[in-house]
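Below is one structure, written out as structure tokens; the observations come after it.
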Amino acid sequence: MPELPEVETIANGVNERVRGARIVSVWTSGKPQTFKSPENEIEEVLTGARIERVRRVGKTVVVTLGREQGQAEFLVHLGMTGRLLVAEREVPLPAHTHAVLTLADGREVRFVDPRRFGRLSVVREAYLGPGAEPTTIGDEEFAKLFRGRKVAIKAALLNQSLLHGVGNIYADESLFRAGIRPTRAAGKLTRTELARLREALQKVLARAIELGGSSVSDYVDAEGMTGYFQIEHAVYGRGGEACKVCGTAIKKMVLGGRGTHYCPVCQR
DNA sequence: CGTCCCACCTGATTGC
DNA sequence: TGCAATCAGGTGGGAC
């Protein structure tokens, strides 16, 4: 589900609500694939810890913990349908809840994930993530990521070990705004095209963060509110509809197993 | 190593 | 209406 703007919205929302709070108890569901670290280790590391801050790294929500036993971070990857909610204890637990952190004031941080593609883990060092940060990367470094690569530029944008945080919506939207066909070989884009792509990507991400992300079906923030960037989607989810720039029908194809949307006239 | 494809899940929507 | 097929904001592992 969530890409960089959605994960950032969630992380900021959770941070504002629970920063400084103490975790007094932890419950986990026992569904094995949800837990990348052993469940008992997660419970042990979180119980009694203070939440120092919550931030986004790539598509991961990172909770920095204050503990007498030493540094640790709690990592929440939301997969396709994961939600991280801060709720009063009276609010009924949603179906598919896989972890609940109870805070000293009685509120709960809840991880809910119907499809169970999300993953929870703890690490003992500061988490940096696999790839470069797209919101701040410069032209030089951005261009270097794609040099010599034969894969389609869309597939390269989705590769988290190159750039972390870009997913299917923002790959399609930024390629449209840069006027680049998603199927073009990443290594064959010109310097000008790469500069346009970097700028388009950063503008799209910044605007989406402003609007609280895109809510296509499942996504909500820490308070359960939807985002609004889907209103500004130019191509994603608009197959067959008219291009907002030239009126041509938006095409939808499958590229690297993902639905891919583009304008055959505006994107070359 | 780079690239491709599929499996991992549930739920909503589409089509017969 | 009912039921099966298809499709989803993601990743990771195996095959080549």
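Hydrogens, waters and symmetry mates are skipped; everything else that's a heavy atom, side chains included, is used. Below, read A as the first sequence line, B as the second, and so on, with proteins coming before strands; counting in each chain starts at 1.
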Exercise for review: Whole angstrom is fine here: how far is it from CG in A:L162 over to C1' in B:dT3?
Suggested key: 12 Å
Practice item. Check whether any side-chain nitrogen or oxygen of A:H77 sits under 4.0 Å from OP1 or OP2 of C:dT11, and answer yes or no. Key: yes
Point to revise | P spacing across the pair B:dC9 / C:dC3, given as an integer number of angstrom | key: 25 Å
Point to revise | Under-4.0 Å side-chain N/O to phosphate OP1/OP2 contact, A:K36 with C:dT11 | key: no
**Study point:** Spacing between A:K150 atom NZ and B:dT3 atom C1', to the nearest angstrom
**Key:** 10 Å
Revision key, fill the gap. Rounded to whole Å, the CZ-P distance (A:R238 to C:dA8) equals 16 Å
Point to revise | Atom pair distance, as rounded to whole Å: CG in A:L158 and C1' in B:dG2 | key: 16 Å
Check your understanding: For the pair made of CD in A:Q33 and P in C:dG12, what is the distance, rounded to whole Å?
Key -> 12 Å
Practice item. Give A:G257 one of three labels, base, sugar-phosphate or nothing, depending on what nucleic acid heavy atoms sit under 4.0 Å from its own. Key: nothing
Review point. NA contact type, A:Y236, heavy-atom cut-off 4.0 Å: base, sugar-phosphate, or nothing?
Key: sugar-phosphate
Practice item. Grab the CG-P distance between A:N159 and B:dG2 for me, whole Å please. Key: 9 Å
Exercise for review: Using only heavy-atom distances, determine whether the side chains of A:S214 and A:Y170 contain a donor-acceptor pair under 3.5 Å.
Suggested key: yes
Review point. So, A:H98 and A:D113: side-chain donor and acceptor under 3.5 Å apart, yes or no?
Key: no
Practice item. Give a yes or no answer on whether the side chain of A:E3 reaches the backbone of A:N168 with a donor-acceptor pair at less than 3.5 Å. Key: yes
Check your understanding: For the pair made of NZ in A:K154 and C1' in C:dG10, what is the distance, rounded to whole Å?
Key -> 12 Å
Check your understanding: Quick one: do A:K203 and A:E199 make a salt bridge, cutoff under 4.0 Å?
Key -> yes
Check your understanding: Between A:R124 and A:E41, does at least one N-O distance fall below 4.0 Å, as a salt bridge requires?
Key -> yes
Check your understanding: Would one find a side-chain N or O of A:Q160 under 4.0 angstrom from OP1 or OP2 of C:dG10?
Key -> no
Review point. Between A:E140 and A:R191, is the closest basic N to carboxylate O distance under 4.0 Å?
Key: yes
Check your understanding: Heavy atom of residues 113-126 of chain A under 4.0 Å from DNA chain B: which residues?
Key -> A:P114, A:R115, A:R116, A:F117
Check your understanding: Under 4.0 Å: is that the gap between some side-chain N or O of A:H96 and OP1 or OP2 of B:dC9?
Key -> no
Exercise for review: Using a heavy-atom cut-off of under 4.0 Å over every strand shown, decide if A:K31 touches base, sugar-phosphate, or nothing.
Suggested key: nothing
Review point. Looking at A:K59, A:R55, A:R56, which one forms a salt bridge (charged side-chain N to carboxylate O under 4.0 Å, His left out) with A:E133?
Key: A:R56
Exercise for review: Report the distance from atom NE2 of A:H233 to atom P of C:dA8, rounded to the nearest whole Å.
Suggested key: 14 Å
Check your understanding: Could A:K144 and A:E141 be called an ion pair, given the rule that one side-chain N must be under 4.0 Å from one carboxylate O?
Key -> no
Review point. If we call it a pair only when both distances are under 3.5 Å in a Watson-Crick or G-U wobble match, what pairs with C:dG2?
Key: B:dC16
Check your understanding: Hey, is the side chain of A:R149 poking within less than 4.0 Å of OP1 or OP2 on B:dT3, counting only N and O atoms?
Key -> yes
Point to revise | Pairwise P distance, C:dT1 and B:dG11 [rounded to whole Å] | key: 22 Å
Exercise for review: Pick base, sugar-phosphate or nothing for A:V216, based on heavy-atom distances below 4.0 Å to the nucleic acid.
Suggested key: base
